[in-house]
Amino acid sequence: MNDEQRNIQTTETLPGGSMLFTPERRQQIARLLEQRQRLKVAELSQRFTVSEVTIRKDLAWLETRRLAVRTHGGAVFPTAHIGQKEGNFAERERLKSSEKERIGALAASYVQNGETIALDASTTAFAMVPRLLAKRELTVVTNGLRTGMELVQSSSIAVLMPGGTLRPESLSLIGTWGKPALQQIHISKAFIGARGLTLNEGLTDVNREEVELKRVLVEAAKEVIAVVDASKWDHVALATICPLERLDLIITDKQAPILLLNQISQLGVEVLLV
């Protein structure tokens with residue numbers, strides 16, 4: 001018996017629950033997701049009167065068929081998360097350039113001479129580079145090729161780059177080949193950009209291997225500072241980099257949504273607007 005036959009012949013309900021067959025329930029979930037763009041596991045469990053474990057299996061099945069993108073506690077419709085058309089580094093660098101310049105300048109002010117910091121390959125983290133060139137005895141860990149090439153021009157800055165596969169869209173090295181080395185480095189602050197920021201999913205990005213590298217930087221850092229312009233707020237990308245509770249500071253611009261700002265502040269995460 002193959003998987004499709006097994007799904008058709010079985011149902012799973014809680015006492016007094018619905019008698020929908022598995023394919024019928026999944027079809028309805030897919031339709032709901034397309035209509036509402038975002039759904040929660042708990043909500044679907046109550047709606048279809050099945051266990052949350054069953055709903056998670058449904059969402060996993062839908063994700064394998066590109067009908068859903070799973071998130072922490074639920075799922076989003078594939079076209080609902082940003083990143084369907086990522087654009088290359090130069091194109092993204094031009095977007096919100098003035099906001100990124102202000103965010104980068106403020107973020108760089110948190111870097112002290114003699115520190116070891118990490119910068120991901122995001123264009124917002126790259127906006128920190130002009131202000132970092134004036135620092136002394138700085139060590140920068142980065143997977144961004146543009147960032148590394150600019151910083152190496154300063155004799156006062158040591159640049160460490162983990163090995164990996166070159167990703168042309170972001171001009172970055174991806175993969176976890178450099179993870180053992182990064183785990184031995186004491187990073188005081190990691191500056192992380194993202195394609196999305198929400199209350200439940202935290203910081204998210206569009207490429208799983210890029211996310212894996214960012215997670216390693218987050219794990220190795222004593223402090224984690226998110227550098228994201230307002231266009232990334234209340235959007236969900238493919239995979240979570242880190243939850244909001246792991247962030248020490250978010251630097252963003254003044255167009256960030258007030259409601260989400262207040263909710264994040266209530267979690268104890270400091271937010272600075274420029």
Does the [X] side chain pair with the main chain of [Y], one donor and one acceptor, at a distance under 3.5 Å?
| X | Y | answer |
| --- | --- | --- |
| Glu150 | Thr147 | no |
| Arg102 | Thr252 | no |
| Ser45 | Val41 | no |
| Ser109 | Leu106 | yes |
| Asp253 | Ala230 | yes |
| Lys189 | Val111 | no |
| Asp120 | Ser122 | yes |

| field | Ile174 vs Asn207 side-chain heavy atoms within contact, under 4.5 Å | value | yes
| Hydrophobic cluster membership, Ile250 vs Leu261, 4.5 Å side-chain cutoff | yes
| query | Can you hop from Ile225 to Val218 via hydrophobic side chains spaced under 4.5 Å? | reply | no
When you check the side-chain N and O atoms of [X] and [Y], is any donor under 3.5 Å from an acceptor?
| X | Y | value |
| --- | --- | --- |
| Ser188 | Glu115 | yes |
| Arg167 | Ser170 | yes |
| Ser156 | Lys135 | no |
| Gln255 | Asp229 | no |
| Glu201 | Thr240 | no |
| Thr165 | Glu209 | no |
| Thr198 | Asn200 | no |

Mark yes when over 12 heavy atoms from residues, nucleotides or ligands other than [X] sit less than 6.0 Å from its [atom1]; otherwise mark no.
| X | atom1 | result |
| --- | --- | --- |
| Glu101 | CD | no |
| Lys179 | NZ | no |
| Arg131 | CZ | no |

| said: So that I can tick it off, tell me whether Glu212 and Arg215 are bridged by a salt bridge, with the cut-off set at under 4.0 angstrom between side-chain N and carboxylate O. | reply: yes
| field | Residues Glu210, Lys214: salt bridge by 4.0 Å N-O rule | value | no
| query | Can you name the nearest heavy-atom pair linking Leu213 to Gly175, along with the distance? | reply | CD2-O, 3.5 Å
| Looking at Ala125 and Phe191, what are the two nearest heavy atoms and their distance? | CB-O, 4.2 Å
| field | Separation of Ile55 CD1 from Glu43 CD (nearest 0.5 Å) | value | 10.0 Å
| task | With sequence neighbours left out, write down each residue that passes side chain to side chain donor-acceptor pair (under 3.5 Å) with Gln46, or none if nothing qualifies. | result | none
| field | Evaluation steps, side-chain hydrogen bond (donor to acceptor under 3.5 Å, both in side chains), between Thr123 and Lys100 | value | CA-CA 8 Å; Thr123 55; Lys100 291 175 181 178; 2.8 Å; yes
